[in-house]
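Just below is one structure, and these are the notes that go with it.
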Amino acid sequence: MQIIISIFLAVLAIYFGIGLVFGLYFVFVGAVKIDPLLKESKRRVRILVFPGIIATWPFLVGKLFKSKKL
């Protein structure tokens with residue numbers, strides 16, 4: 001049972017590690033490609049959106065690559 005828990009926690013850590021790296025890129029560069037209004041938003045808005053980006057990064061990667069402004 002400990003091996004299963006260790007594997008699960010390792011996969012979860014990798015998931016959130018990738019999400020953290022992608023989140024930093026997305027907050028500063030990628031979000032503007034999907035939503036141009038974020039270019040004029042304040043830093044507080046980007047900080048509030050950051051945890052959601054980390055949690056849902058697989059969906060946002062797809063949207064980012066499908067955006068026309070790549």
Side-chain angles (χ1 to χ4, degrees):
M1 188 66 169
Q2 283 183 332
I3 295 173
I4 294 172
I5 293 171
S6 297
I7 292 171
F8 175 75
L9 290 177
V11 169
L12 195 64
I14 291 169
Y15 179 86
F16 282 113
I18 294 170
L20 180 68
V21 172
F22 175 76
L24 290 172
Y25 169 76
F26 190 80
V27 164
F28 294 112
V29 179
V32 177
K33 293 179 182 177
I34 293 175
D35 187 7
L37 294 177
L38 271 173
K39 190 174 190 176
E40 300 167 2
S41 68
K42 294 183 180 182
R43 186 175 287 162
R44 291 181 193 171
V45 173
R46 293 176 187 236
I47 291 171
L48 286 172
V49 174
F50 188 65
I53 294 169
I54 292 173
T56 61
W57 69 267
F59 303 109
L60 294 172
V61 167
K63 281 194 161 220
L64 187 62
F65 285 127
K66 289 180 183 177
S67 71
K68 297 177 183 176
K69 292 186 178 183
L70 243 183

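Values below: all heavy atoms of this structure, side chains included; hydrogens, waters and symmetry mates excluded. Computed from a predicted structure; not experimentally measured. Residue indices begin at 1 and follow the sequence shown.
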Exercise. Heavy atoms, side chains only, cut-off 4.5 Å: are I34 and F26 in contact?
Worked result: yes
For this session: Flag the pair L20 / F50 as yes when at least one side-chain heavy-atom distance between them is below 4.5 Å, and no otherwise.
Result: yes
Spell out, yes or no, whether [X] and [Y] are grouped together once hydrophobic residues are joined by side-chain heavy atoms under 4.5 Å, including indirect joins.
X: Y15; Y: I5; answer: yes
X: L64; Y: L24; answer: yes
X: M1; Y: F8; answer: yes
X: F16; Y: F59; answer: no
X: V11; Y: W57; answer: no

For this session: For residues R46 and K39, report the shortest heavy-atom separation together with the two atoms involved.
Result: NH2-CA, 3.8 Å
Exercise. From Y25 OH over to I53 CD1, what is the distance, rounded to the nearest 0.5 angstrom?
Worked result: 12.0 Å
Problem set entry | I3 atom CD1, over 12 foreign heavy atoms within 6.0 Å | no
